[in-house]
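Let me begin by presenting the structure, written as structure tokens, before commenting on it.
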Amino acid sequence: MSTHAAPLQHYLQFADLTADDYAYLLARAAFIKRKFKAYDKHHTLSDRTLAMIFEKASTRTRVSFEAGMYQLGGAVVHLTSTDSQLGRSEPIEDTARVISRMTDLVMIRTFEQARIQRFAEYSRVPVINGLTNEFHPCQILADIFTFTEHRGSIAGKVVAWVGDGNNMANTWLQAADLLGFTVHVATPSGYEVDEKLAFGDHQPRAGCYKLFQDPLQACQGADLVTTDVWTSMGYEEENEARKKAFADWCVDSEMMAAAKPDALFMHCLPAHRGEEVTAEVIDGPQSVVWDEAENRMHAQKALMEFLLIGRQAM
């Protein structure tokens with residue numbers, strides 16, 4: 001096993017890594033998962049410490065990173081905005097300087113992407129985006145790993161995104177551009193995806209996404225149908241308006257029937273049955289949401305290893 005430190009690399013959005021990096025990470029996540037299932041110790045990050053900073057509440061992100069780091073032989077420091085100086089009396093830049101001198105890796109779940117970018121700029125160790133308002137790269141990494149487990153390579157496939165043009169949608173667009181598949185995006189009027197935000201000044205690959213006004217049309221021929229809550233954290237005051245706007249964007253059996261017969265359904269959770277998805281779909285045979293949730297841990301273990309010690313032999 002190699003123990004050398006990898007060159008400093010942050011993971012703030014999906015586009016930060018290359019297609020070749022993702023091919024390695026998907027293979028490595030599968031390797032790590034097999035070892036986990038066989039109760040085979042895998043302590044590649046022994047004596048390394050992960051700092052987790054939460055300015056937004058979390059279930060899956062906290063458990064997947066914390067359990068994953070312990071399973072890699074490392075340790076975890078858990079911080080929230082209420083029990084640290086982040087965002088109070090100390091500038092983010094100073095917090096970054098201090099925490100990155102005491103730990104080996106930092107995961108941050110926060111609001112604006114600019115906050116995590118400022119932290120990373122002054123960090124001496126890799127910083128991972130555990131979710132921001134704009135992007136959710138670890139979730140899409142896990143989703144693609146889950147798709148690969150069930151259906152093989154996602155290259156050339158069609159992913160239907162039904163719902164809000166949010167951080168998940170932005171990240172799916174980046175992934176499609178990089179990994180050679182197509183996203184069909186169907187959002188209500190006023191909640192469209194922001195292509196400029198997703199791609200910045202980068203010119204995306206032609207055909208990596210298509211926009212639809214009708215969610216049923218977006219699901220036509222899809223290999224994967226996926227959605228998210230209608231009201232993400234930080235937008236609670238819009239809840240009632242969103243319920244009205246998104247009324248026709250509930251993923252139901254009709255939408256799944258429009259997709260390919262072997263199409264999968266995914267949801268990053270937590271889910272509200274009867275709002276963005278029916279119970280029939282999320283609890284049905286095409287749903288892989290529980291595999292998807294577990295795979296956050298395996299994919300992130302591969303990512304943490306990669307950022308800290310580089311590529312490993314398998």
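Every heavy atom of this structure was used, including side-chain atoms; hydrogens, water molecules and symmetry mates were not.
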Test side chain to side chain contact (heavy atoms under 4.5 Å, CB included) applied to I108 and R115, step by step:
CA-CA 9 Å; I108 302 178; R115 290 178 68 76; over 6 Å; no
Is the closest basic N to carboxylate O distance between E55 and R109 below 4.0 Å?
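No.
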Pairing of K196 and D201 as salt bridge, 4.0 angstrom limit:
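Counted as a salt bridge, because a side-chain N and a carboxylate O are separated by less than 4.0 Å.
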Would you say that [X] contacts [Y] through its side chain, given a criterion of any heavy-atom pair below 4.5 Å between the two side chains?
{"X": "V77", "Y": "T49", "value": "yes"}
{"X": "H150", "Y": "V288", "value": "yes"}
{"X": "L141", "Y": "Y11", "value": "yes"}
{"X": "F54", "Y": "R62", "value": "yes"}

With sequence neighbours left out, write down each residue that passes salt bridge (Lys or Arg N to Asp or Glu O under 4.0 Å) with D94, or none if nothing qualifies.
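Salt bridge (Lys or Arg N to Asp or Glu O under 4.0 Å) list for D94, sorted by chain: R97.
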Find the distance between [atom1] ([X]) and [atom2] ([Y]) and round it off to the nearest 0.5 Å.
{"X": "E112", "Y": "Q117", "atom1": "CD", "atom2": "CD", "value": "11.0 Å"}
{"X": "F135", "Y": "N166", "atom1": "CZ", "atom2": "CG", "value": "11.5 Å"}
{"X": "D283", "Y": "F265", "atom1": "CG", "atom2": "CZ", "value": "10.0 Å"}

For residues H267 and E292, is any side-chain donor paired with an opposing acceptor at under 3.5 Å?
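E292 and H267 do not have a side-chain donor-acceptor pair below 3.5 Å.
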Under a plain distance cut-off of 3.5 Å, with no hydrogens placed, do H136 and Q13 share a side-chain donor-acceptor pair?
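No - no donor-acceptor pair under 3.5 Å links their side chains.
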Would you say CD of Q213 has more than 12 non-hydrogen atoms from neighbouring residues, nucleotides or ligands within 6.0 angstrom?
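Not more than 12 within 6.0 Å, no.
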Closest approach of H42 and F31, non-hydrogen atoms and distance?
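Minimum heavy-atom separation between H42 and F31: CE1-CE2, 3.9 Å.
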Of W172, Y22, F199, the residue whose pairing with F14 passes ring pair (Phe, Tyr, Trp, His ring centres under 6.0 Å)
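The option that passes is Y22.
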Kindly state each residue pair satisfying salt bridge (charged side-chain N to carboxylate O under 4.0 Å, His left out) with at least one member in residues 202-221, sequence neighbours excluded.
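Passing the test, one end in residues 202-221: no pairs.
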Listed partners of D16 passing side chain to side chain donor-acceptor pair (under 3.5 Å), at least two apart:
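Once residues adjacent in sequence are excluded, D16 has no partner under the side chain to side chain donor-acceptor pair (under 3.5 Å) criterion.
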